[in-house]
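Excluded from the calculations below are hydrogen atoms, water molecules and symmetry mates; all remaining heavy atoms, backbone and side chain alike, are included. Please read these numbers as outputs of a predicted model, since none were measured by experiment.
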Amino acid sequence: MLSKSNKDNYLTRYNNRLQKYGYDVKTLGWSGGVERQNLRFRELLKIINFSDREVKSVLDVGCGFADLYKYFKANNIKIDYQGVDINSELIKVARKNYGDTLKVFCLDILKDASNLETYDIVIASGVFNFKLENQDQHEYIFQMLSKMYSMARIGISVDFMTTHVDWKEENTFYMEPGKLFKFGKNLSQKVILRSDYLPFEQCIYIMR
């Protein structure tokens, strides 16, 4: 579970950027603008290609402004969307943009999962790039992935920065691909690790 100090740091970081940039991908810490954000969404959703079951629902963990929902609408993707984030200010912006009918909620899946259902796929983009202080980063990430997997009927799709980089930012966490793949195999025999879509990034599909 995320420690109180790390949660406070997370909220402060995003709220400060929200005050500075407003509704903008820069508030979420992404470089490359909307085009690159959409590329990540497209690649994460390719988990669908590896299932023979129809995907009808998705849970977006760390949904921020619910930009994945916007991507669905823009590309006429007919998947029932639900998003969660621990930052209530980002959730407020999402509801303002899309109306109260948008299914987004402020909660922590490690604490409040009893309020959630199960979903065909569970996705997280950019959620684990923030370096934690005085807490085991891998333990926290693996707790989150395990929880996500428990709520997924088909599988989970998650992106990370990779350790195979030319340089590192001080406050960014980089995941070693081998360690990520090994953990995925502890959950399932059907694991796909990809690093072919953007330099210095990777995503993993863990499927049932």
The salt bridge (Lys or Arg N to Asp or Glu O under 4.0 Å) partners of Asp80 (sequence neighbours excluded) come to Lys103
Taking the six-membered ring of Tyr149, is the NZ or CZ of Arg208 close enough (under 6.0 Å from the centre) and on axis enough (within 45°)? yes
Test: Arg13 cationic atom under 6.0 Å from Tyr10 six-membered ring centre, within 45° of axis: no
The criterion is salt bridge (Lys or Arg N to Asp or Glu O under 4.0 Å); which residues satisfy it with Arg40, sequence neighbours excluded? Glu201
Distance in Å, Ser57 OG paired with Ile154 CD1, rounded so as to fall on 0.5 Å steps: 7.5 Å
Out of Ile156, Leu44, Ile47, which one pairs with Ile123 under the side-chain contact (heavy atoms from CB on, under 4.5 Å) rule? Leu44
Without swapping roles, check the side chain of Asp24 against the backbone of Lys26 for a donor-acceptor pair under 3.5 Å. yes
Tell me, yes or no, whether the heavy-atom count around Lys73 atom NZ, taken from other residues, nucleotides or ligands under 6.0 Å, exceeds 12. no
Count the heavy atoms belonging to other residues, nucleotides or ligands that lie under 6.0 Å from NZ of Lys185, then report whether that count exceeds 12. yes
Roughly how far, to the nearest 0.5 Å, is the CZ atom of Arg42 from the OH atom of Tyr71? 6.0 Å
Over 60° means perpendicular and under 30° means parallel, so tell me whether Phe72 and Tyr81 are parallel, tilted or perpendicular. perpendicular
Which atoms form the tightest heavy-atom contact between Glu170 and Lys131, and what is the distance? O-NZ, 3.0 Å
Got Phe160 and Ile141 here, is their nearest side-chain heavy-atom distance under 4.5 Å? yes
Kindly give the heavy-atom pair with the smallest separation between Leu102 and Ala94, and that separation in Å. CD2-O, 3.8 Å
Check whether any side-chain heavy atom of Val104 lies under 4.5 Å from a side-chain heavy atom of Tyr98, and answer yes or no. no
Counting only N and O atoms by type, is there a donor-acceptor contact under 3.5 Å from the side chain of Glu176 to the main-chain atoms of Lys179? yes
Distance-only, no hydrogens or angles: does the Glu89 side chain make a donor-acceptor pair with backbone N or O of Asn15 under 3.5 Å? no
With hydrophobic residues grouped by side-chain heavy-atom distances under 4.5 Å, do Met175 and Tyr197 end up in a single group? no
How about Asp196: does its CG atom have over 12 heavy atoms from other parts shown lying under 6.0 Å from it? yes
Considering all heavy atoms of both residues, which atom of Gln137 and which atom of Phe130 are nearest to each other, and what is their separation? NE2-O, 3.0 Å
Are Arg153 and Asp120 ion-paired here, with the side-chain N under 4.0 Å from a carboxylate O? yes
Is any side-chain heavy atom of Val84 closer than 4.5 Å to a side-chain heavy atom of Leu59? yes
Just do the side chain to side chain contact (heavy atoms under 4.5 Å, CB included) check on Leu2 and Leu110 with the steps written out, would you? CA-CA 9 Å; Leu2 200 61; Leu110 292 179; over 6 Å; no
Kindly determine whether Met207 and Phe50 satisfy side chain to side chain contact (heavy atoms under 4.5 Å, CB included), including the steps that lead there. CA-CA 9 Å; Met207 306 185 66; Phe50 297 95; 3.6 Å; yes
Which is it for Lys7 and Asn9 under the side-chain hydrogen bond (donor to acceptor under 3.5 Å, both in side chains) test, yes or no, and what are the steps along the way? CA-CA 5 Å; Lys7 181 178 180 179; Asn9 288 341; over 6 Å; no
Atom CG in Asn129, atom CG in Asp159: separation rounded to 0.5 Å? 6.5 Å
Please report the shortest heavy-atom distance between Asp136 and His138, naming the atom on each side. OD1-N, 3.1 Å
So do the side chains of Leu90 and Leu28 get within less than 4.5 Å of each other, counting heavy atoms only? yes
Nearest-0.5 Å distance that lies between atom CE in Met1 and atom CG in Asn6: 13.5 Å
Contact check, side chains of Tyr174 and Gln202, non-hydrogen atoms, under 4.5 Å: no
Taking everything shown except Glu133 itself, do over 12 heavy atoms lie less than 6.0 Å from its CD? no
Quick check for you: to the nearest 0.5 Å, what is the distance between Met161 atom CE and Phe200 atom CZ? 8.0 Å
Between CG of Leu39 and CG of Leu198, what distance do you get to the nearest 0.5 Å? 5.0 Å
Please step through side chain to side chain contact (heavy atoms under 4.5 Å, CB included) for the pair Met144 and Tyr140, ending with a clear verdict. CA-CA 6 Å; Met144 286 287 289; Tyr140 169 68; 3.7 Å; yes
Report whether Phe105 and Leu11 are members of the same hydrophobic cluster (ILVMFWY, side-chain heavy atoms less than 4.5 Å apart, transitive linking). yes
Are Val127 and Val158 close enough, and set up right, to give a side chain to side chain contact (heavy atoms under 4.5 Å, CB included), and what steps lead you there? CA-CA 9 Å; Val127 172; Val158 188; over 6 Å; no
Would you be so kind as to tabulate the donor-acceptor pairs closer than 3.5 Å made by side chains of residues 61-70, with sequence neighbours excluded?
residue : atom : partner : partner atom : Å
Asp67   : OD1  : Tyr23   : OH           : 3.0
Asp67   : OD2  : Gln37   : NE2          : 3.0

Measuring only between side-chain heavy atoms, which start at C-beta, is Leu193 closer than 4.5 Å to Pro177? yes
Got a sec: does the CG of Asn49 have more than 12 other heavy atoms crowding it under 6.0 Å? yes
Taking C-beta and beyond as the side chain, do Ile77 and Leu45 meet within less than 4.5 Å on heavy atoms? yes
Are Ser146 and Leu187 close enough that some pair of their side-chain heavy atoms sits under 4.5 Å apart? yes
